[in-house]
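See structure below.
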Amino acid sequence: MSLKVYSGAKGELVDFVPLEDNKVKMYVCGPTVYNYIHIGNARPFIVFDTVRKYLKYRGYKVTYIQNITDIDDKMINKANELGITVKELADKFSAAYLEDIKALNIETADVIPKATEHIESIITMVSKLIEKEYAYLIDGSVYYDVSKFAGYGKLSRQDMEEIQHGSRVDVDVEKRNPADFALWKAAKPGEPSWDSPWGKGRPGWHIECSAMSAEYFGPQFDIHAGGIDLMFPHHENEVAQSEAASGVSPSVKYWLHNGFITMDKEKMSKSLGNMVLCRDMVDKYGGETVRLYMLSGHFRVPLNFSEDLIVQASQGLKRLYNVTDRLENMLEVASAYPSDNDKKFMNSLQVYRDSFIESMDNDFNTPQAIAVLYNLAKDANMYLDNSGDKISADLINHTLNLFSEFGAVLGILRNIRKKESLPEDLMLLIREREEARRRKDWSRSDQIRDTLNSHGIRLNDTPYGVQWTKTVS
RNA sequence: GGCGCUGUGGCCGAGAGGCUUAGGCAGAGCACUGCAAAUGCUCGCACCCCGGUUCGAAUCCGGGCGGCGCCUCCA
C-alpha cells in the first residue's frame, strides 16, 4: 500500500514520494486577517490539517508552515474603515483566527510566518528577480515580467494568449503587460510602508509566500496547499517568482487544492457577503461536528453548506460516541480474560485499520475513511449485543483504541475515555431511581430520568444495570 | 471566449465495466425495554439525457443538457 495523491498536471493519481526520505515539508496558505474566518475559509485549514495528521500517522516527519497575511490592500482598507491601524487590525484577527482553529482541533503550525515580519527576505527575493531581469521598476514599484518566465501558466493550465484580462481598471499601474504583477508597491500617503532599495513601499500580493517558504524550506518543498481559487494567479505567480529567483524547478512537488464551500451552489465569500462565520457554527454545534461535516466530502469537490448538513454530521458524530460510550460503560463489568470470540474479534480489528489506510492512501479519501468508522461502530455494537457481559476488557480497550486512532487522524473523538465522574447529588439520584425501579415506581423513576436529562445526562437501562452518558451538545 | 470541476435513491456522499446491499442522515416496520434511550434486523433495488463499444456500463467513447469555479479581491 502506498499513498497516492492527485496531480493536476498529469490529471491522475501519482505516488507520493517526499523529496527527502520520510520528511515532508508542507506549506498551506493562511488567512488574510481582516475579519473572522468563515466556514469556507475553514475548509482548507481543516482538510490540510487532516492531511498533515495522516502523514504523521503514516510515519512521516512533517514540518507544517502556515502564513498569516497581515499587510495588503484589504487590510489597509479595513483598518481605515474601522479607524484603527493595520497592526491593530492584524493583531485582533490573528488572535481570533488562532482561537478558531484551535476550537476545530487544528494543530498549531510549526511556523506561522507573517508578511510584515519577513520584509527583509521579501526585499532580497525581489532584488534577485530584478538582478536576473525577471522584474522591472516603475516609479518605486516593482513588477514581475511574466513574458520572461517560460513556464508561466503551466500550473493552472492557462494559455496566456487566451486569457481574458479583467475589465477591472488598474488605475495607477503602468505595467508592461496586463499579466505582470506587483512584487513591491510604492507607498501611498498614509499607508504602512517599509524602506527598500526602491523607496518606501510594501510587498505585493504574491511575494510573501515565495519569500517565506524559501526562507524556511529552501527552493524546493513537498506540498503546497490552498483553496482552488488561489491556483491562478496566486500560485502561478509564486511558481514564477520562486523558480525564477532560485533557478530550481519544480519549487513544489505536489499541489493540493481544495474545492469551495458553496451556499445554494454559489461560492461562499467575503465579497459576496453570503458567509457563515466558523466560530458561530463551532459555538452552536461543536468543533468536532464541523470537522466531520467538512471531511464528509472529498476535499477537491465543492461542498454545499447548510445547517441541515451540519445537523446530519452531528447525528453521525453522536452515533460514534454512542458506541464508544457504550464500550466504556461495559468496561466496568467486563471480564478479565478474552474469550475465543473476543480474540477473533480483536484479530479482525486489523481489517478496519487496513481499509482506513487504504481509503486515506487514495488521495485522502476522508468520506470513505469515515465509512470505516461507521462499519466498526456497527460491528462493535453487534458484538456488544451478542456477547453481553461476557465481553473482555482487552477487547473493549483494543476497540476503543482503534476508534481513538482513527479519530486522531480525522481530528474527532477526542472525548473517548474522557468521561468524568458525576457530581455526588446526581449519583444519588441515579441510585434512588434504581431503588424506585425495584419498587416498580415508574413515575418516580421517569421523573428522575427527566431531571438528569435536563442536566445533559442520558440514562440507559441495560441488563447489566443502568449506564449514563453525556448528551453531545 | 479560454481553462478546469461537476450531475448517484427524500438529503449528504464514496465508488468507477460484471458481488460494494459503500457509508451516514431522515422515514417506516419489527425485536429488545415497565416506558424510554441505545442497539440490531428488514424496506425504498439510485446512478442527467441520447447514441456507441462490450457477452455485460452508473462506471469507457461520442454527442447533448444542467450546475459550479478560475481568467489578477477571494480559501
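Chain letters run A, B, ... following the sequence lines, proteins first and then strands; every chain starts at 1. Note that the structure is predicted; figures quoted are calculated from it, not measured.
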Aromatic A:Phe260 / basic A:Arg43 pairing, under 6.0 angstrom, 45° off normal: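 No cation-pi geometry.
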Can a cation-pi geometry be assigned to A:Lys419 and A:Trp468, taking NZ or CZ under 6.0 Å from the six-membered ring centre and within 45° of the ring axis?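 Positive - A:Lys419 is close enough to the ring of A:Trp468 and near enough to its axis.
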Quickly work out the [X] [atom1] to [N] [atom2] distance and round it to whole Å.
| X | N | atom1 | atom2 | answer |
| --- | --- | --- | --- | --- |
| A:Tyr464 | B:rU33 | OH | C1' | 13 Å |
| A:Asp446 | B:rC35 | CG | P | 11 Å |
| A:Tyr383 | B:rA38 | OH | C1' | 20 Å |
| A:His234 | B:rC74 | NE2 | P | 8 Å |
| A:Asp229 | B:rG69 | CG | P | 11 Å |
| A:Ile430 | B:rA37 | CD1 | P | 18 Å |

Do we count A:Trp442 as stacking onto B:rG34 if the rule is ring centres under 5.5 Å and planes under 30°?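 Stacking is present between B:rG34 and A:Trp442, given that their ring centres fall under 5.5 Å apart and the planes under 30°.
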What's the gap between B:rG13 and B:rG56 when it is taken at their P atoms, as a whole Å value?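 Taking atom P in both B:rG13 and B:rG56, they lie 33 Å apart.
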Check for me whether the distance between the ring centres of A:His235 and A:Phe232 falls short of 6.0 Å.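 So the answer is no for these two rings.
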Give a yes or no on whether the ring-centroid distance for A:Tyr34 and A:Phe93 is below 6.0 angstrom.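 Centroid distance A:Tyr34-A:Phe93: not below 6.0 Å, so no.
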Any donor-acceptor pair under 3.5 Å linking the side chain of A:Tyr136 with the backbone of A:Arg176?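 Present.
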Is the ring pair A:Tyr27/A:Phe221 parallel, tilted or perpendicular, if the boundaries are 30 and 60 degrees?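 If you compare the ring of A:Tyr27 with that of A:Phe221, the planes turn out tilted.
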OP1 or OP2 of B:rG4 versus the side-chain N and O atoms of A:Arg157: is any pair under 4.0 Å?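 Checking B:rG4 against A:Arg157, a side-chain N or O does come within under 4.0 Å of OP1 or OP2.
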Under 4.0 Å: is that the gap between some side-chain N or O of A:Asn386 and OP1 or OP2 of B:rG40?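 Checking A:Asn386 against B:rG40: no side-chain N or O falls below 4.0 Å of OP1 or OP2.
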Once hydrogens and angles are ignored, does a donor-acceptor distance under 3.5 Å link the base of B:rG4 to the side chain of A:Ser156?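 Side chain to base: no pair below 3.5 Å.
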So which one's nearest nucleotide on RNA chain B is more toward 5', A:Leu459 or A:Ala42?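 First, find each residue's nearest nucleotide; the 5'-ward one identifies A:Leu459.
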Want to settle it: does A:Asn237 or A:Asn258 sit nearer the 5' end of RNA chain B, counting the closest nucleotide to each?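 Residue closer to the 5' terminus by nearest nucleotide: A:Asn237.
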Taking the side chain of [X] as heavy atoms from C-beta outward, which of [options] is closest to it?
| X | options | result |
| --- | --- | --- |
| A:Ile228 | B:rA75, B:rG69, B:rC5 | B:rG69 |
| A:Gln158 | B:rU72, B:rU39, B:rC70 | B:rC70 |
| A:Arg449 | B:rA75, B:rA36, B:rU72 | B:rA36 |
| A:Arg437 | B:rG2, B:rG34, B:rA14 | B:rG34 |
| A:Asn460 | B:rG34, B:rG13, B:rA37 | B:rA37 |

Enumerate the salt bridge (charged side-chain N to carboxylate O under 4.0 Å, His left out) contacts for residues 296-305 of chain A, please, sequence neighbours excluded, ordered by first and then second residue.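 Sorted result for residues 296-305 of chain A: A:Arg300-A:Asp363.
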Classify A:Gly226 by what it touches in the nucleic acid, base, sugar-phosphate, or nothing, heavy-atom distance under 4.0 Å.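 Sugar-phosphate contact only.
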side-chain contact (heavy atoms from CB on, under 4.5 Å) partners of A:Arg326, counting only residues at least two apart: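 For A:Arg326 the side-chain contact (heavy atoms from CB on, under 4.5 Å) partners, ignoring immediate neighbours, are A:Asn381, A:Leu384, A:Asp385.
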Summary of protein contacts for nucleotides 16-32 of chain B, nucleotide by nucleotide, where a base hit scores B, a sugar-phosphate-only hit scores S (4.0 Å, heavy atoms): ------BSBBS------
